[in-house]
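Report on the following structure.
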There are 2 protein chains.
Amino acid sequence: MRQHDLSLIRQLPLFTAIEESHFALLMKSALLQRLPEGVLLIEEGNRPDFLYVVVEGTVELFAGDRYRETTIDILSPVSTFILAAVARDEAYLKSARTLTAARVLLIPAPAVRNMLDRDTVFARAMINELAARYRDIVPKLKDQKLRSGAERLANWILETRRSQGSPDYIDLNYEKRTIASLLGMTPENLSRALAQLAAYGVVSHGKKLQIIDKSALETFARTNAVGNRYN
Amino acid sequence: MRQHDLSLIRQLPLFTAIEESHFALLMKSALLQRLPEGVLLIEEGNRPDFLYVVVEGTVELFAGDRYRETTIDILSPVSTFILAAVARDEAYLKSARTLTAARVLLIPAPAVRNMLDRDTVFARAMINELAARYRDIVPKLKDQKLRSGAERLANWILETRRSQGSPDYIDLNYEKRTIASLLGMTPENLSRALAQLAAYGVVSHGKKLQIIDKSALETFARTNAVGNRYN
DNA sequence: GAAGCGCGTTGATCTTCGTCAATTGAAGAC
DNA sequence: GTCTTCAATTGACGAAGATCAACGCGCTTC
């Protein structure tokens, strides 16, 4: 593994404060895999063998059966995933696949659990991380239960705008169908919702969206009411 | 606080393995409150002062604004809540109110965080607990995104049946409107969904439901999760 | 017992969303 | 350049769900 990758991983909240020797120990047993697009990394229901870290590319977490499926989250570098399953050594609740070609680090689950018992700093970081994950998902549940599809989209646009930093444009980094699945709607309805948001200053330019009137969009989105967190 | 209550709390996964002196320390700074029905314990957006434990009665976790609101969870004794906000010292994402008269234990949040840093066993238990909470909520999100109202109800009935232990009947311990909100539907649609489930062996008797044909109900719950409208 | 109150149910209607089909548009293969 | 392929869009329709209104029923209150 490259030194560059190691230092990126080291900067993750989960690892940043632990002892160098402990970090080295975890990394020693880890595997770095280079994967093409569309590879199934994790299958719902299986037992967790590894803690995963996306080092490069994007990974989609999804759930469902072969008739219906929904996107739970889209992960960009550098982030860990399936912490909860690894911590409890219980079956995955979600599946994961590469959305693009990617490099993924696999840390053996027993090594992680072992370290949790031995390293208090690591344990504390894990608590923060699990709590953060929990706090990511609660707004999503609220979103689904309280808002319409168009409202979810409006909030997602505003949230994405904030995380991407540019005030007037956002990049749709993924296929619209994936975004639709993330937002809990069909691609057709995402299209219609986007058309609807034109009245509130959202203009579609291919894989970019232009935000002409942020405050109008915010009014429509009712951001304050529910809160948001897709990024 | 009564000795009986203390031993109940002590048996919670979060506290069962920690040193007696540490447990005593946490309990020493805790307050036991006796509350009537309908009291707001926690308001979304505020900073967490306490870790809560329901000792007696039931507590509802909910979210939303004054126009729309939804039930996230209903807690029975003995269980902790708002772990994640306390662990990270960040604003509550949900509100909480008593659904019945209740007794609730309040453990000062700083004492909890302090103990997390000092007691590895407690930290490990917190990891397990946070992971469990996360794993509780993921299926709820999947439920909302993948299933219809009637399917959610069917699955909720089966789940409740399992947790209550009696094979033929389940008790609706709460108002139907609360159950509707938990399932993400209106009271009217809950009524209709129940009527719909009569065809699968679910008979309504006031605050009890009779389950005549468990396997038929399971078939409905699972079959529809597969979305086979072609059969 | 009568009246009032609130929950639950039922019916009618409207909105939102999903589904199916047809078409457009953009990117890659040759 | 054209052809192929697949995502995205658009329209038409049907299903699921929300809303509004009316009513029944059990419970409390007087």
Side-chain angles (χ1 to χ4, degrees), chain A residues 36-38 60 64 67-71 99-101 143-156 171-199 202-209 220-222, chain B residues 37-38 60 64 67-71 99-100 143-156 171-199 202-209 220-221 223-231:
Chain A
E37 176 187 336
E60 179 187 16
Y67 298 97
R68 285 193 268 191
E69 89 173 31
T70 190
T71 303
L99 219 48
T100 65
D143 212 30
Q144 286 298 321
K145 292 180 78 174
L146 292 170
R147 291 207 267 238
S148 71
E151 284 167 356
R152 291 198 297 275
L153 174 60
N155 280 284
W156 180 84
D171 281 308
L172 305 177
N173 293 317
Y174 325 109
E175 291 183 351
K176 287 212 177 95
R177 51 172 46 205
T178 305
I179 294 169
S181 180
L182 180 67
L183 295 175
M185 58 208 293
T186 58
E188 291 93 331
N189 275 333
L190 175 62
S191 247
R192 294 180 185 110
L194 261 177
Q196 200 180 328
L197 291 189
V202 177
V203 183
S204 196
H205 300 288
K207 277 230 183 302
K208 280 185 193 295
L209 291 185
F220 176 83
R222 303 222 231 172
Chain B
E37 177 186 337
E60 178 187 16
Y67 300 101
R68 298 187 264 192
E69 110 177 12
T70 190
T71 303
L99 219 48
T100 65
D143 213 30
Q144 286 298 322
K145 292 180 78 174
L146 292 171
R147 290 207 263 240
S148 72
E151 287 165 359
R152 292 198 296 275
L153 174 60
N155 280 284
W156 179 84
D171 281 308
L172 305 177
N173 294 316
Y174 326 109
E175 290 182 351
K176 286 214 177 92
R177 52 173 44 207
T178 306
I179 295 169
S181 179
L182 181 67
L183 294 175
M185 58 208 292
T186 58
E188 291 95 330
N189 275 334
L190 175 62
S191 247
R192 293 180 184 109
L194 262 178
Q196 201 180 328
L197 291 189
V202 177
V203 183
S204 197
H205 301 288
K207 277 229 183 297
K208 279 185 195 294
L209 290 185
F220 175 83
T223 278
N224 275 280
V226 161
N228 62 340
R229 81 205 107 72
Y230 300 113
N231 306 355

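Residue numbers begin at 1 in each chain, while the letters A, B, ... track the order of the sequences.
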Can you tell me if the side-chain N/O atoms of [X] get under 4.0 Å from OP1 or OP2 in [N]?
X	N	value
Asn189(B)	dA18(D)	yes
Ser191(A)	dA8(D)	no
Thr186(A)	dG18(C)	yes

Rounded to the nearest Å, what distance is computed from the [atom1] atom of residue [X] to the [atom2] atom of nucleotide [N]?
X	N	atom1	atom2	answer
Lys176(A)	dT24(C)	NZ	P	18 Å
Ile179(B)	dT9(C)	CD1	C1'	15 Å
Tyr174(B)	dG8(C)	OH	P	14 Å
Leu209(B)	dG8(C)	CG	P	12 Å
Leu146(A)	dT16(C)	CG	P	16 Å
Arg192(A)	dG18(C)	CZ	P	10 Å
Glu188(A)	dG14(D)	CD	P	17 Å
Glu151(A)	dA18(D)	CD	C1'	14 Å

- Message: Heavy atoms only, 4.0 Å cut-off, all strands: where does Gly206(A) land among base, sugar-phosphate and nothing?
- Response: nothing
- Message: Please pick, from dT19(D), dT16(C), dG18(C), the nucleotide with the shortest atom-to-atom distance to any side-chain atom of Met185(A).
- Response: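 Nearest to the side-chain atoms of Met185(A), counting from C-beta on, is dG18(C).
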- Message: Measuring only between side-chain heavy atoms, which start at C-beta, is Leu197(B) closer than 4.5 Å to Leu209(B)?
- Response: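 With C-beta onward as the side chain, the pair stays apart.
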- Ignoring hydrogens and angles, tell me if any N or O in the side chain of Lys145(A) forms a donor-acceptor pair with the backbone of Leu182(B) under 3.5 Å.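 Judged by distance alone, yes, a pair lies under 3.5 Å.
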- Message: Can a donor-acceptor pair be found, under 3.5 Å and without considering hydrogens, that links the side chain of Ser181(B) to the backbone of Thr71(B)?
- Response: yes
- Query: Strictly by modelled atom types, are Arg192(A) and Asn189(A) linked by a side-chain donor-acceptor pair under 3.5 Å?
  - Reply: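 A donor-acceptor contact under 3.5 Å links the two side chains.
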